[in-house]
A.B. asks: 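Got a structure here, written out as structure tokens. Questions coming.
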Amino acid sequence: MNSLKVIDGKAAAARVLLQVKHDIAALGIQPGLAVILVGDDPASQVYVRNKVLRAEETGIRSLEYRLPADTGQASLLALIARLNADAQVNGILLQLPLPAHIDENRVLQAIAPGKDVDGFHSENVGGLSQGREVLTPCTPSGCMQLLHDTLGDLSGRHAVVIGRSNIVGKPMAALLLQAHCSVTVLHSRSQNAAQLCRQADIVIAAVGRPRMIDASWLKPGCVVIDVGINRIEDQGRSRLVGDVDFDSALPVASAITPVPGGVGPMTIAFLMKNTLTAALQQATPRSLPEAPCPSTC
Ligand code: NDP
């Protein structure tokens with residue numbers, strides 16, 4: 001395997017976390033992150049544990065709220081209202097998915113936009129599409145960092161985003177547009193998807209279909225960012241693969257993220273970065289431009 005081509009997401013995430021830790025220590029603050037988990041979904045429990053661990057390592061105080069699966073929407077809204085009003089809490093993360101009886105959109109909208117470290121509140125979504133400085137979703141922000149690390153300036157590149165979800169595909173397209181890329185978004189109704197994708201300098205795969213994108217979708221020399229996390233059975237063993245067929249794409253791409261070890265670690269790192277950004281904005285709402293730059297600017 002050509003290791004120079006394989007983008008090391010763990011190392012990139014470690015750099016982001018180190019900078020966040022350094023900034024927190026230099027500023028002498030301790031940002032607070034509230035993490036809410038409703039129910040006992042095993043994957044969500046792992047994600048929450050990892051987020052809490054990373055927070056502690058970087059000097060962020062984490063507060064965990066583990067609520068039973070039958071928690072009512074009114075109780076969840078009451079907790080969010082309490083956390084919104086708590087000056088010790090700078091960021092609020094509501095782990096998704098929520099149990100079916102809770103209206104996800106309703107509770108996400110209840111989080112104060114300034115504490116919305118996932119960047120899912122419509123005020124932040126709107127701000128992103130208008131190019132304003134807002135809290136942006138962690139996974140697309142992590143992908144942007146990997147692209148800048150790999151390519152430098154992205155201006156004028158043609159990026160194809162496969163997937164149009166609110167949490168990955170759409171904010172990803174908005175960030176690429178903000179970085180002056182020409183952006184094409186593909187989805188389940190797209191026709192000639194592979195042909196369109198072959199025109200891309202940058203391919204972002206966020207579909208949720210194991211190894212759907214193989215070498216035939218790729219222009220030689222393109223950069224591939226694989227967001228997909230899919231659990232498959234392979235020779236009697238369970239393992240994670242991305243949306244891209246890594247082995248087939250590797251000889252064609254100029255750089256590619258692996259799964260695991262690519263985008264995943266960046267998502268958590270940018271959650272910590274967003275928590276620091278939120279704390280700085282809350283501390284100095286009118287003087288943010290003068291505030292120390294939290295990390296990768
Ligand atoms: P969603 O299921 O919400 O969205 C999937 C998107 O893929 C939809 O827009 C859908 O189109 C599109 N799609 C489905 N089939 C096709 C197809 N055949 N051709 C083109 N597009 C298609 O998924 P998410 O965006 O939430 O997640 C995508 C993947 O990323 C998942 O594997 C998820 O686990 C992973 N993920 C990883 C994260 C990380 O930290 N690394 C974080 C978040 C997600 P349509 O809109 O038409 O239905």
Side-chain angles (χ1 to χ4, degrees), residues 6-14 16-17 35 41-51 53-54 93-98 104-105 108 117-120 125 128 136-147 159-176 183-200 203-214 216-218 224-232 238-246 256-274:
V6 180
I7 298 171
D8 187 344
K10 278 190 200 160
V16 174
L17 288 169
V35 182
D41 175 61
S44 293
Q45 288 182 342
V46 173
Y47 292 140
V48 164
R49 195 171 336 122
N50 287 339
K51 286 167 185 174
L53 275 174
R54 289 294 98 74
L93 180 132
L94 181 59
Q95 184 65 45
L96 302 178
L98 294 170
E104 186 177 294
N105 189 48
L108 286 176
V117 283
D118 258 336
F120 294 160
V125 174
L128 171 61
T136 51
C138 303
T139 301
S141 300
C143 294
M144 289 304 289
Q145 184 66 53
L146 293 176
L147 286 171
V160 165
V161 181
I162 314 167
R164 57 173 169 178
S165 70
N166 289 337
I167 64 168
V168 188
K170 284 180 195 155
M172 188 74 238
L175 286 170
L176 286 162
V183 183
T184 302
V185 181
L186 304 179
H187 46 78
S188 66
R189 311 282 181 98
S190 296
Q191 293 184 0
N192 306 322
Q195 190 187 332
L196 290 167
C197 190
R198 268 198 304 278
Q199 297 169 24
V203 175
I204 311 284
V207 185
R209 290 181 178 242
R211 298 193 281 221
M212 184 184 92
I213 295 136
D214 65 16
S216 71
W217 288 60
L218 305 176
V224 179
I225 304 290
D226 190 355
V227 181
I229 302 177
N230 309 289
R231 188 164 288 283
I232 59 157
S238 164
R239 70 183 185 102
L240 295 180
V241 296
D243 291 340
V244 177
D245 181 356
F246 184 85
I256 179 169
T257 55
V259 176
V263 173
M266 291 299 273
T267 297
I268 297 188
F270 271 77
L271 174 64
M272 303 309 142
K273 190 175 171 200
N274 275 357

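In each ligand, atom 1 is the first atom listed, and ligand 1 is the first ligand listed. All values derive from a computational prediction rather than experimental measurement.
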A.B. asks: Which residue supplies the protein heavy atom nearest to atom 18 (N) of ligand 1, what is that atom called, and how far is it?
C.D. replies: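 I find the closest protein heavy atom is M212 SD, 3.6 Å.
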A.B. asks: Would you please name every residue forming a side chain to side chain contact (heavy atoms under 4.5 Å, CB included) with I167, sequence neighbours left out?
C.D. replies: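 So I167 forms a side chain to side chain contact (heavy atoms under 4.5 Å, CB included) with F120, S165.
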A.B. asks: Who's closest to atom 24 (P) of ligand 1 heavy-atom-wise, of P137, P97, P265, S165?
C.D. replies: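 Among P137, P97, P265, S165, the closest heavy atom to atom 24 (P) of ligand 1 belongs to S165.
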A.B. asks: Report the part of M266 (side chain from C-beta onward, or backbone N, CA, C, O) that has a heavy atom under 4.0 Å from ligand 1; answer both or neither where that applies.
C.D. replies: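 M266 to ligand 1: no contact under 4.0 Å from either part.
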A.B. asks: Select the closest option to atom 43 (C) of ligand 1 among V168, V207, V259, judged by heavy-atom distance.
C.D. replies: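 Considering heavy atoms of V168, V207, V259, the nearest to atom 43 (C) of ligand 1 sits in V168.
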A.B. asks: Given V185, V227, I162, which one has a non-hydrogen atom that is nearest to atom 30 (O) of ligand 1?
C.D. replies: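 Among V185, V227, I162, the closest heavy atom to atom 30 (O) of ligand 1 belongs to V227.
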A.B. asks: For atom 12 (C) of ligand 1, what is the nearest protein heavy atom, given as residue, atom name and distance?
C.D. replies: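 So the nearest neighbour among protein heavy atoms is G163 CA, 4.0 Å.
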A.B. asks: Provide, to 0.1 Å, the distance between atom 34 (O) of ligand 1 and the closest protein heavy atom, together with that atom's residue and name.
C.D. replies: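 Ranking protein heavy atoms by distance from atom 34 (O) of ligand 1, first comes I229 O, 3.5 Å.
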A.B. asks: Out of curiosity, is A206 lining ligand 1, as in a heavy atom under 4.0 Å away?
C.D. replies: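 Right, A206 reaches ligand 1.
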A.B. asks: Which atoms from ligand 1 have a heavy atom of N230 less than 4.0 Å away?
C.D. replies: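 Close to N230: 32 (O).
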A.B. asks: Can you tell me which residue among L196, V207, N192 is in a side chain to side chain contact (heavy atoms under 4.5 Å, CB included) with L186?
C.D. replies: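 Only match with L186 under side chain to side chain contact (heavy atoms under 4.5 Å, CB included): L196.
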A.B. asks: Between P140, P210, G208, G142, which one has a non-hydrogen atom sitting closest to atom 29 (C) of ligand 1?
C.D. replies: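 Ranked by closest heavy atom to atom 29 (C) of ligand 1, first place is G208.
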A.B. asks: Which protein heavy atom lies closest to atom 47 (O) of ligand 1, and at what distance to 0.1 Å?
C.D. replies: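 Closest protein heavy atom to atom 47 (O) of ligand 1: S188 OG, 2.5 Å.
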A.B. asks: Is there at least one pair of N or O atoms, one from T267 and one from ligand 1, spaced under 3.5 Å apart?
C.D. replies: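 Yes, there is a polar N/O contact under 3.5 Å.
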A.B. asks: side-chain contact (heavy atoms from CB on, under 4.5 Å) between V161 and V183: does it pass, once the steps are laid out?
C.D. replies: CA-CA 7 Å; V161 181; V183 183; 4.2 Å; yes
A.B. asks: Could you measure the distance from the CG atom of D41 to the CD atom of Q95? Nearest 0.5 Å is fine.
C.D. replies: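 Here the rounded value is 8.0 Å.
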A.B. asks: Can you tell me the protein heavy atom closest to atom 9 (O) of ligand 1 and the distance?
C.D. replies: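 Minimum-distance protein heavy atom for atom 9 (O) of ligand 1 reads R164 N, 2.8 Å.
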A.B. asks: With a 4.0 Å heavy-atom cut-off (strictly under), which part of T139 contacts ligand 1: side chain, backbone, both or neither?
C.D. replies: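 The answer is the side chain.
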A.B. asks: Work out which heavy atom in T257 is nearest to a heavy atom in D226; give both atom names and the distance.
C.D. replies: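 Reported closest heavy-atom pair: OG1-N, 2.8 Å.
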A.B. asks: To the closest 0.5 Å, what do you measure between CD (Q195) and OG (S190)?
C.D. replies: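 The distance works out to 12.0 Å.
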A.B. asks: In Å, rounded to the nearest 0.5 Å, how long is the span from OG1 of T139 to CG of L271?
C.D. replies: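 Rounded to the nearest 0.5 Å, the OG1-CG separation comes to 9.5 Å.
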A.B. asks: I need the atoms of ligand 1 closer than 4.0 Å to a non-hydrogen atom of V263, numbered in the order shown.
C.D. replies: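 Contacts of ligand 1 toward V263, numbered from 1: 41 (N).
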A.B. asks: Got a second to check how far I204's CD1 is from M172's CE, nearest 0.5 Å?
C.D. replies: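 Output value for this atom pair is 4.0 Å.
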A.B. asks: Working to the nearest 0.5 Å, report the span between CG of N230 and CZ of R239.
C.D. replies: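 N230 atom CG to R239 atom CZ measures 11.5 Å (nearest 0.5 Å).
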A.B. asks: Start with the C-alpha distance between V224 and I213, add both sets of side-chain angles, then the distance that settles side-chain contact (heavy atoms from CB on, under 4.5 Å), and finish with yes or no.
C.D. replies: CA-CA 10 Å; V224 179; I213 295 136; over 6 Å; no
A.B. asks: Report the nearest protein non-hydrogen atom to atom 26 (O) of ligand 1: residue, atom name, distance rounded to 0.1 Å.
C.D. replies: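 I find the closest protein heavy atom is I167 CD1, 3.6 Å.
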A.B. asks: Atom 21 (N) of ligand 1: which protein heavy atom is closest, and how many Å away?
C.D. replies: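 Scanning the protein heavy atoms, the shortest distance from atom 21 (N) of ligand 1 goes to H187 C, 3.2 Å.
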A.B. asks: Check whether any heavy atom of G264 sits under 4.0 Å from an atom of ligand 1.
C.D. replies: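 Yes, G264 has heavy atoms under 4.0 Å from ligand 1.
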A.B. asks: Kindly give the heavy-atom pair with the smallest separation between A12 and L146, and that separation in Å.
C.D. replies: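 Shortest heavy-atom contact: CB-CD2, 3.6 Å.
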A.B. asks: About how many Å separate OG1 of T267 and CD1 of I229, when rounded to the nearest 0.5 Å?
C.D. replies: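 These two atoms lie 7.0 Å from each other.
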A.B. asks: Does an N or O anywhere in R209 fall below 3.5 Å from an N or O of ligand 1?
C.D. replies: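 Yes, since at least one N or O of R209 sits under 3.5 Å from an N or O of ligand 1.
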